[in-house]
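These notes concern the structure reproduced below.
Protein chains get the first letters and strands the later ones, always in sequence-line order, with residue 1 at the start of each.
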Number of protein chains: 2
Amino acid sequence: MSTATANPADGTCTAPAADTCCVPSPGEAILNAEEAELLALRFKALSDPNRLRILSIVSSSESAETCVCDLSEPLGLKQPTVSHHLKILVDAGILHREKRGVWAYFSVVPGALESLGASLAPKP
Amino acid sequence: MSTATANPADGTCTAPAADTCCVPSPGEAILNAEEAELLALRFKALSDPNRLRILSIVSSSESAETCVCDLSEPLGLKQPTVSHHLKILVDAGILHREKRGVWAYFSVVPGALESLGASLAPKP
DNA sequence: TCAAAACATCGATAATCGTCGATGTCTATT
DNA sequence: AATAGACATCGACGATTATCGATGTTTTGA
């Protein structure tokens with residue numbers, strides 16, 4: 001199971017067996033599709049400049065809480081757009097939403113960013 | 001500069017000044033647009049399930065090096081697609097490409113993922 | 001010199017995403 | 001009850017993205 005013909009569907013990559021290419025890696029330790037999908041969803045939440053700035057503002061706020069109207073102006077985005085980004089961050093488990101009266105306050109979920117960062121570590 | 005009328009462009013959010021909303025945060029420590037754009041670009045490289053699996057395969061490879069033909073089969077993707085994903089990861093500074101003969105070998109840039117993960121830490 | 005193989009690049013297509021105006025929902029105030 | 005304001009949701013539009021077939025480039029082996 002270690003020699004050549006890695007992609008029979010293409011008929012290509014039938015390595016000359018002499019040189020060492022196409023050693024299909026350990027086999028088991030590979031991130032499976034479902035896990036990858038879940039992880040990608042969380043990174044996708046961080047893949048937009050405005051969402052990163054939202055996180056920066058929320059986490060650096062004195063009260064560690066921010067309402068939507070605090071974000072619209074410094075980002076130069078309209079309210080529906082800000083709400084949309086906030087929803088993505090909440091769905092990703094990164095932000096926490098708490099409705100108090102008319103306002104909605106957002107805060108960073110404790111440990112959320114750290115655990116995401118930890119998934120980039122060399123070896124678990 | 002701490003009271004109300006956060007979004008004059010909309011005419012909205014003229015807070016009643018009695019309750020505490022719309023305190024526009026510290027002011028200086030906010031991630032600026034250029035930095036956010038750059039960070040987002042790197043996270044965007046991690047925001048695709050197949051790219052995460054590519055990283056998983058490359059980093060768990062025995063020789064810490066992988067060629068394209070090793071990736072096409074386990075991911076179920078055609079060669080041009082794999083090449084496309086690899087280019088994105090290389091451009092983001094996460095993977096290193098080395099051409100040896102006919103094959104191209106990829107390896108994780110040392111410290112690249114760690115430094116990205118560190119940008120998610122509580123306080124710099 | 002020629003053929004074959006690995007990989008990159010191009011062009012096209014379907015899907016997803018960011019943005020915003022319009023509208024709906026809910027709450028507090030009058 | 002009615003109004004006003006904060007926020008969420010909807011629908012639309014332009015831009016970006018993932019995927020793949022076709023093709024180009026480069027290197028090895030005959």
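Minimum atom distance to the side chain of A/C69 is reached by D/dC7, of the listed D/dC20, C/dC7, D/dC7. When each of D/dA18, C/dA6, C/dA8 is scored by its nearest atom to the side-chain atoms of B/W103, the top-ranked nucleotide is C/dA6. Of all nucleotides listed (C/dC7, D/dA18, D/dT17), D/dA18 comes nearest to the side chain of B/H84. Closest to the side chain of A/K78, from the set C/dC20, C/dC7, D/dT9, is C/dC20. Each of C/dC7, C/dT19, D/dC7 was ranked by its minimum atom distance to the side chain of B/S83; first place goes to C/dC7.
In this structure, B/R97 is not positioned above the aromatic face of B/F106 in the sense of NZ or CZ being under 6.0 Å from the six-membered ring centre and within 45° of the axis.
Rounding to whole angstrom units, CG of residue A/N50 and C1' of C/dC20 are separated by 13 Å. Residue B/D70 contributes atom CG, which lies 11 Å from atom P of C/dA6 at whole-angstrom precision. To the nearest angstrom, C1' of D/dC20 lies 15 Å from CG of B/L75. In this structure, the CZ atom of A/F43 is 17 Å from the P atom of C/dC17, given to the nearest Å. Across the protein-nucleic acid pair, A/L89 atom CG and D/dA8 atom P stand 12 Å apart, rounded to whole Å. As a whole-Å value, the separation of A/K87 NZ from D/dC10 C1' is 13 Å. With rounding to whole Å, A/L71 atom CG is found 16 Å from C/dT19 atom C1'. The nearest whole Å value for the distance from the CG atom in A/D48 to the P atom in C/dT16 is 18 Å.
The distance from the CG atom of A/D48 to the CZ atom of A/R53 is 11.0 Å, given to the nearest 0.5 Å. Rounding to the nearest 0.5 Å gives a distance of 5.0 Å between CD1 of B/I54 and CG of B/L86. Once rounded to the nearest 0.5 Å, the distance linking CD of B/E35 with OG of B/S119 reads 11.0 Å.
Checking A/R42 against A/S47 by side-chain atom types alone, no donor-acceptor pair falls below 3.5 Å. In the model, B/S56 has no side-chain atom that pairs as donor or acceptor with a side-chain atom of B/R51 under 3.5 Å.
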>> For a quick check, with a 4.0 angstrom heavy-atom cut-off, what is the B/S/- contact string for nucleotides 22-29 of chain C, read 5' to 3'?
In response: B----SS-

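Looking at which nucleotide of DNA chain C each of B/V68 and A/R51 is closest to, the 5′-most match is held by B/V68.
For the OP1/OP2 pair of D/dC20 and a distance below 4.0 Å, the side-chain nitrogens and oxygens of B/T81 include at least one atom meeting the criterion. Here A/H85 does not reach the OP1 or OP2 of C/dC17: none of its side-chain N or O atoms lies under 4.0 Å away.
At least one donor-acceptor pair under 3.5 Å links the side chain of B/S59 to the backbone N or O of B/L55.
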